Amino acid sequence: MATRLITVSKDEEVLETLQRAVAEAGIQHASMSLIGAIHECTVSVMRKCDALDDLLREYDQPFELTGTGEVVDGKAHVHVVLGGEDVTVAGHLHRAMVRDFFVHAYVTEVSAG
């Protein structure tokens, strides 16, 4: 199966752009690899006292981004590792804005059988 390149450009939100591109292409199941840079984001991790309760954190600074994800039943899901000045962040991506650079997502469809 072919791998598609989805580019998230300046002033675009990462997950909205990915979800729109996945829907327009009719992708139901896929694996994703991401690389780029963002500025502000919301990331969650599991609380150590309750793995079912997400701890959401918001950040407002430039970050290098690497990530992996999947598309299941047409819905994009992404985990990231972010490196910024004096901080490294990892977890489930809820929101991320591209400001000065871009994010590239390489999306490879897979069969769900």
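This is a predicted model, so every value here is computed, not measured.
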Going from [atom1] on [X] to [atom2] on [Y], what distance comes out if it is rounded to the nearest 0.5 angstrom?
X    : Y    : atom1 : atom2 : answer
T17  : M97  : OG1   : CE    : 8.0 Å
H29  : T108 : NE2   : OG1   : 15.0 Å
Y106 : T3   : OH    : OG1   : 10.0 Å

Report task. Of all the heavy-atom pairs spanning V45 and A90, show the shortest one and how long it is. Result ->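 Minimum heavy-atom separation between V45 and A90: CG1-O, 3.3 Å.
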Query - Closest heavy-atom pair and its distance - Q19, G74 - result: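 Distance-wise, the nearest heavy atoms are NE2-O, 2.6 Å.
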**Report entry** Close side-chain approach of E109 and Q28, heavy atoms under 4.5 Å
**Finding:**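 No, every pair of side-chain atoms sits at 4.5 Å or beyond.
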Query raised in the report: Is any side-chain heavy atom of E12 closer than 4.5 Å to a side-chain heavy atom of R20?
Result: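 Yes; the side chains approach each other to less than 4.5 Å.
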Query raised in the report: Under 4.0 Å between a Lys/Arg side-chain N and an Asp/Glu carboxylate O for R47 and D54?
Result: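 So R47 does not pair with D54 through a salt bridge.
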Query raised in the report: Do R95 and E58 sit within salt-bridge range, that is, some charged N less than 4.0 Å from a carboxylate O?
Result: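 Between E58 and R95 there is no salt bridge, as every charged N stays at least 4.0 Å from the carboxylate O atoms.
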**Report entry** CZ/R99: more than 12 non-hydrogen atoms of other groups inside 6.0 Å
**Finding:**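 Check passes, neighbour count above 12.
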Query raised in the report: Crowded around L56 CG? As in, over 12 foreign heavy atoms under 6.0 Å?
Result: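 Atom CG in L56 is packed in, count exceeds 12.
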**Report entry** Backbone N/O of G83 and side chain of E64: donor-acceptor pair under 3.5 Å
**Finding:**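 The answer is no, because no donor-acceptor pair under 3.5 Å joins these two groups.
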Report task. Starting from V43, walk the hydrophobic network (Ile, Leu, Val, Met, Phe, Trp, Tyr; side-chain heavy atoms closer than 4.5 Å) and list everyone else you reach, by chain and number. Result ->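 Under the 4.5 Å side-chain rule, V43 groups with I6, V8, V14, L15, L18, V22, I27, M32, L34, I38, Y59, F63, L65, V71, V78, V80, L82, V87, V89, L93, V98, V103, V107.
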Query - Step-by-step side chain to side chain contact (heavy atoms under 4.5 Å, CB included) determination, H77 to H92 - result: CA-CA 8 Å; H77 178 97; H92 173 79; 3.2 Å; yes
Query raised in the report: Going by distance alone, is a donor N or O of one side chain under 3.5 Å from an acceptor N or O of the other, for H94 and S44?
Result: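 Yes, side-chain donor-acceptor contact under 3.5 Å.
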